[in-house]
Amino acid sequence: MPLLRPPRAVRSCCRLPLLAPGAASQRGRPCSGGSGGGRRLRVLVDMDGVLADFEGGFLRKFRARYPEEPYVALRDRRGFWVSDQYGQLRPGLSEKAIGIWESENFFMELDPLPGAVEAVKEMAKLKDPIKKYRYCPYEKYAWVEKHLGLEFLEQIVLTRDKTVVSGDLLIDDRPDIIGAERSPSWEHVLFTACHNKHLELPTPRQRLHSWADDWKSILDSKRVS
């Protein structure tokens with residue numbers, strides 16, 4: 001579910017927000033269960049870097065394909081766009097980086113981040129256009145079916161502009177999300193990743209450090225707000 005950039009700066013070809021079934025549906029089915037009642041929520045969950053380990057998967061495949069080239073360790077990652085940082089290491093590395101996630105099976109073979117699958121499935125129980133890229137859309141749908149199950153496929157939203165999607169919360173690892181809508185309906189909760197962990201967020205912006213963090217309290221606070 002991305003705001004796509006030109007190929008030079010692309011980090012991933014598309015990013016999908018998952019609307020956890022039951023947490024709030026696109027047809028507005030009411031929530032039941034959960035802790036604390038309150039209004040029903042529509043929770044959007046980004047995929048790459050939030051559910052799927054994009055950074056780790058990219059680094060493994062880059063080093064395997066180009067063992068003689070310099071690389072950026074996860075602890076040294078800065079900035080959202082992987083290709084930009086690699087382009088600063090050596091001429092031509094930006095294009096090689098882009099070629100990694102343009103290749104077949106890249107997205108399908110990404111590992112889930114620790115606790116991600118369990119958190120989204122538990123969240124669901126609370127009852128609360130691609131350009132030159134060939135593999136990305138199919139593989140992202142396949143990843144969701146493999147790790148989350150068939151029932152989540154109908155909840156996928158594939159868009160180039162997250163700001164136009166209606167929701168209460170957007171959990172996303174990108175620090176700056178801009179688009180056609182200057183005042184999106186959702187509150188952006190920054191999911192901590194290697195490229196954004198050094199950033200200080202202004203009050204009252206919230207961070208979800210990992211899926212072991214207390215994501216339920218974030219949902220509950222939004223219900224009563």
Side-chain angles (χ1 to χ4, degrees), residues 1-5 9-20 23 42-62 72-86 97-98 100-101 106-107 109-120 123 133 136 139-140 143-144 147-148 152 155-163 165 167-179 184 186-202 204-219 222:
M1 178 194 168
L3 178 64
L4 288 188
R5 300 289 186 180
V10 166
R11 175 181 185 267
S12 75
C13 69
C14 56
R15 299 173 71 80
L16 298 128
L18 298 177
L19 181 63
R42 181 172 295 173
V43 181
L44 308 171
V45 183
D46 182 43
M47 186 170 174
D48 297 335
V50 177
L51 296 180
D53 186 10
F54 179 94
E55 296 278 352
F58 166 81
L59 184 58
R60 285 192 298 274
K61 293 205 170 191
F62 183 89
V72 180
L74 295 182
R75 65 179 177 274
D76 298 321
R77 275 281 291 117
R78 296 292 185 273
F80 186 75
W81 304 113
V82 174
S83 52
D84 277 357
Q85 191 168 7
Y86 272 73
I98 292 171
I100 297 295
W101 59 75
F106 173 79
F107 291 97
E109 293 176 355
L110 294 178
D111 292 329
L113 284 168
V117 170
E118 296 81 1
V120 172
M123 199 181 299
Y133 303 97
C136 174
E139 291 188 6
K140 283 177 176 273
W143 191 98
V144 170
H147 294 287
L148 295 174
F152 280 84
Q155 306 298 329
I156 292 175
V157 180
L158 182 60
T159 180
R160 299 172 72 179
D161 187 347
K162 300 177 184 181
T163 68
V165 180
D168 293 290
L169 292 168
L170 170 63
I171 303 174
D172 198 302
D173 65 313
R174 180 172 178 175
D176 58 325
I177 299 176
I178 58 176
W186 35 257
E187 175 188 348
H188 178 198
V189 177
L190 184 65
F191 191 88
T192 297
C194 57
H195 62 84
N196 69 35
K197 62 185 179 182
H198 63 290
L199 298 177
E200 293 186 10
L201 298 184
R205 286 194 60 183
Q206 299 189 77
R207 217 184 235 283
L208 185 63
H209 293 284
S210 73
W211 287 110
D213 205 357
D214 189 5
W215 55 265
K216 292 182 183 179
S217 67
I218 295 177
L219 269 61
K222 192 66 177 177

Query - Donor-acceptor contact below 3.5 Å, side chain E55 vs main chain G49 - result: no

Requested in this report: Carefully, step by step, assess K140 and D48 under the rule side chain to side chain contact (heavy atoms under 4.5 Å, CB included).
Outcome: CA-CA 9 Å; K140 283 177 176 273; D48 297 335; 2.6 Å; yes

Requested in this report: Applying side-chain contact (heavy atoms from CB on, under 4.5 Å), name anything that partners H188, two or more places apart in sequence or on another chain.
Outcome: D172, I177, W186, L190, R205

Query raised in the report: Below 4.5 Å, heavy atoms only, C-beta onward: do L219 and M123 meet side chain to side chain?
Result: yes

Query raised in the report: When the ring planes of W101 and F58 are compared, do they come out parallel, tilted or perpendicular, using 30° and 60° as the limits?
Result: tilted

Report summary line: The salt bridge (charged side-chain N to carboxylate O under 4.0 Å, His left out) partners of E187 (sequence neighbours excluded) come to K222

Query - Side chain R75, main chain R77, donor-acceptor under 3.5 Å - result: no

Report task. Give a yes or no on whether the backbone of L113 and the side-chain of D53 come within a donor-acceptor separation of less than 3.5 Å. Result -> no

Query - Minimum-distance pair of heavy atoms, taken over all atoms of P175 and F80 - result: CD-CD1, 4.3 Å

Report task. Kindly write out the residues that satisfy salt bridge (charged side-chain N to carboxylate O under 4.0 Å, His left out) with R60, not counting sequence neighbours, or none if the list is empty. Result -> D111

Query raised in the report: Who pairs with E118 by salt bridge (charged side-chain N to carboxylate O under 4.0 Å, His left out), at least two apart in sequence or on another chain?
Result: none

Report task. In sequence, state the C-alpha distance, the side-chain angles, and the governing distance for F152 and V120, and then conclude on side chain to side chain contact (heavy atoms under 4.5 Å, CB included). Result -> CA-CA 10 Å; F152 280 84; V120 172; 3.5 Å; yes

Report task. Might you point out which heavy atoms bring I171 and W211 nearest each other, and give the distance in Å? Result -> CD1-CH2, 4.1 Å

Requested in this report: Only counting residues at least two apart or in another chain, list the ones meeting side chain to side chain donor-acceptor pair (under 3.5 Å) with S217.
Outcome: D214

Query - Short side-chain to backbone donor-acceptor contact, W143 and L148, under 3.5 Å - result: no

Query raised in the report: CZ/R78 to CG/L199 distance, rounded to the nearest 0.5 angstrom?
Result: 8.5 Å

Query raised in the report: If we ignore angles and hydrogens, is there a donor and acceptor under 3.5 Å between the side chains of D161 and T163?
Result: yes

**Report entry** From L74 atom CG to K197 atom NZ, the distance as rounded to the nearest 0.5 Å
**Finding:** 8.0 Å

Query raised in the report: If you look at every heavy atom in P112 and V117, which pair is closest and at what distance?
Result: CB-CG2, 3.8 Å

Requested in this report: Please lay out, stage by stage, how W81 and R174 fare under the test side chain to side chain contact (heavy atoms under 4.5 Å, CB included).
Outcome: CA-CA 9 Å; W81 304 113; R174 180 172 178 175; 3.7 Å; yes

Query raised in the report: How many angstroms lie between CG in D76 and NE2 in H198, if you round to the nearest 0.5 Å?
Result: 11.5 Å

**Report entry** Non-hydrogen atoms of A97 and S83 that approach each other most closely
**Finding:** CB-CA, 4.4 Å

Report task. May I have the step-by-step check of side chain to side chain contact (heavy atoms under 4.5 Å, CB included) for V50 and L208, ending in yes or no? Result -> CA-CA 10 Å; V50 177; L208 185 63; over 6 Å; no

Query raised in the report: side chain to side chain donor-acceptor pair (under 3.5 Å) with N196: which residues, sequence neighbours excluded?
Result: R207

Query raised in the report: With a 4.5 Å limit on heavy-atom distance, are the side chains of D173 and H195 in contact?
Result: yes

